[in-house]
Number of protein chains: 2
Amino acid sequence: MIMKYKTVIVDDHPIVISGIAGLLSELDNIEIVEKFESGIALLDYIEDNKVDLILMDIFLPVINGVDLCKTIKQKHPKIVIIGMSSQSERSLVMQFIQNGGNGYILKNASFDEFKNCIYKAIEGEIVFSEEVKTIISQPLSEDLERIPGLSRRERDIALLLSQGKSTQEIADDLFLSFLTVQTHRRNILQKYKMKNVAELIAFLLKNNMLN
Amino acid sequence: MIMKYKTVIVDDHPIVISGIAGLLSELDNIEIVEKFESGIALLDYIEDNKVDLILMDIFLPVINGVDLCKTIKQKHPKIVIIGMSSQSERSLVMQFIQNGGNGYILKNASFDEFKNCIYKAIEGEIVFSEEVKTIISQPLSEDLERIPGLSRRERDIALLLSQGKSTQEIADDLFLSFLTVQTHRRNILQKYKMKNVAELIAFLLKNNMLN
DNA sequence: ATGGCAATACCTGATAAAATGTATTTTTTA
DNA sequence: TAAAAAATACATTTTATCAGGTATTGCCAT
């Protein structure tokens, strides 16, 4: 009798669970023992059942994948955990790996990529799908010239600006001097080399820097 | 011989395609004829092949689902198109429906929801999965008085405004009088009852009215 | 063909914002 | 704890925007 890796899938999209299950069914030494739509259910399950491999979505309701991975690894360091998501942020992937994750796959990866990553992960490697590799292997370019963030106050003011407030109104709202708000405005515009507030707001919104 | 609905799936995640394909295989009168990872490939395909139903992701590379739906419906109004996404924004769903979409399903919908929606859609209904319904049925009041669109010229000017151009620069760019641009600006601000350009740009971007 | 809308253009006064310079206090962080 | 960053405040000059009118032309849809 062949030992199969007892595998669990966690994803809040039934469709995705079904897709991965279909894919994994082609792998001889993988046996899907459970499927969950939330991390809480998974935590319960692994207390009472043997699990070798977990494929988990990173964006889950209630508890997110990064924290979930950490929690599981603390008690069950031998379980191989592979993270998945639709879009990936560099910092998120790094966090996941730092919390003990054994790999990270983007959902737009091909079937072959999925298979390869899973095989290598259960052999002990840390694996990434192609696109993830390209994202995390640009530490020089993107990390160094990454846009400086808004300070708290600057964000407050930018937000009110996007609501059409004038300098005076913002000053009143935040209990500041008109002149202080004016200085902040100037600093923000200078920081991002923007010509005026219109361009600034467009820039901030496009980069999700407001809210 | 039973007539089956010729169905195409478009999603940039192979896993999701596989999942939906698995789900649809349980439906007797649905036949999956093709699967695509991009909208461009789909557009080519429907020129030469009969298609009755399209299930498409909204967030696609190159061309997004909303535009894709519009393009397809212009030439092939009889094709039933159902949109899908992981997260949904109210305005996005409305836009999709306004562009001719026949329904919208969140990917976290259950299998039963998927099946029901697909059945009803091919019977001519406009369908939404449960969570989408709750999202779109929140503020009736504001949405029924749907926002008037920008005219061509107004859009040009709004776009340049979002790039930080001054009235004079816009006038130069578009070979218009300074005064004409000034009038357009005023009209746009008045139309949406915005206090200034900053608020206007925020409003337009949030409603996807630029680009 | 005509009424409505879009696009064009002009005038003016009041107000708001941008550019520039300086400076103190508080908070963060190395 | 010392240095750096952020937040605060002030003053002045120049430039741009906003809001109030008015008016002509072209288009396109009833």
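Protein chains get the first letters and strands the later ones, always in sequence-line order, with residue 1 at the start of each.
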Notebook entry, point to check: With a 4.5 Å limit on heavy-atom distance, are the side chains of A:Y192 and A:L150 in contact?
Noted result: yes
Next item on the list: Could you give me the CA-CA distance, side-chain angles and deciding distance for A:I81 and A:C69, then say whether side-chain contact (heavy atoms from CB on, under 4.5 Å) is met?
Entry: CA-CA 7 Å; A:I81 304 180; A:C69 176; 4.1 Å; yes
Notebook entry, point to check: Hey, does B:V10 have a side-chain heavy atom less than 4.5 Å from the side chain of B:I54?
Noted result: yes
Next item on the list: To the nearest Å, give me how far apart CD1 (B:I157) and C1' (D:dT17) are.
Entry: 15 Å
Margin query: Is A:R152 close enough to D:dA7 that one of its side-chain N or O atoms is under 4.0 Å from OP1 or OP2 there?
Written below: no
Margin query: Tell me the interatomic distance from A:D156, atom CG, to D:dA6, atom C1', rounded to whole angstroms.
Written below: 13 Å
Note to self: Checking contacts here: which listed nucleotide (C:dA17, D:dT17, D:dA7) is nearest the side-chain heavy atoms of B:T167?
What the structure shows: D:dT17
Next item on the list: Please state how far atom CG in A:N196 lies from atom C1' in C:dA19, giving the value in whole angstrom units.
Entry: 14 Å
Check: To the side chain of B:E154, which of D:dA7, C:dA7, C:dA18 is closest?
Finding: C:dA7
Margin query: In this structure, how many angstroms lie between the P atom of D:dA5 and the NZ atom of A:K191, rounded?
Written below: 11 Å
Next item on the list: Look at the rings of B:F96 and B:Y104 and say which category their plane angle falls in: under 30° parallel, 30 to 60° tilted, over 60° perpendicular.
Entry: perpendicular
Next item on the list: Would you jot down, in residue-number order, the residues of residues 169-188 of chain A having a non-hydrogen atom under 4.0 Å from DNA chain C?
Entry: A:Q182, A:R185, A:R186
Check: If only atom types and distance count, is the side chain of B:Q182 paired as donor or acceptor with the main-chain N or O of B:T167 below 3.5 Å?
Finding: no
Next item on the list: Using atom types as modelled and distance alone, determine if a side-chain donor or acceptor of B:N207 lies under 3.5 Å from a backbone N or O of B:M209.
Entry: no
Next item on the list: Would you kindly give the CD-to-P distance between B:Q168 and D:dT15, to the nearest whole Å?
Entry: 13 Å
Checklist line | For atom CG of A:L200 and atom C1' of C:dA16, their distance in whole Å | finding: 17 Å
Check: Do NZ/NE/NH1/NH2 and the carboxylate oxygens of B:D156 and B:R153 come within less than 4.0 Å?
Finding: yes
Check: Separation of B:L150 atom CG from C:dA7 atom C1', in whole Å?
Finding: 14 Å
Item checked: Distance in angstrom units between A:R155 CZ and D:dA7 P, rounded -> 12 Å
Check: When B:I79 is tested against each of B:D52, B:V51, B:L53, B:N102 for side chain to side chain contact (heavy atoms under 4.5 Å, CB included), which residue passes?
Finding: B:V51
Note to self: Between B:D172 and B:K165, does any side-chain N to carboxylate O distance fall below 4.0 Å?
What the structure shows: no
Checklist line | Angle of first-five versus last-five pair axes in the helix from C:dA1-D:dT30 to C:dA30-D:dT1, to 10 degrees | finding: 80°
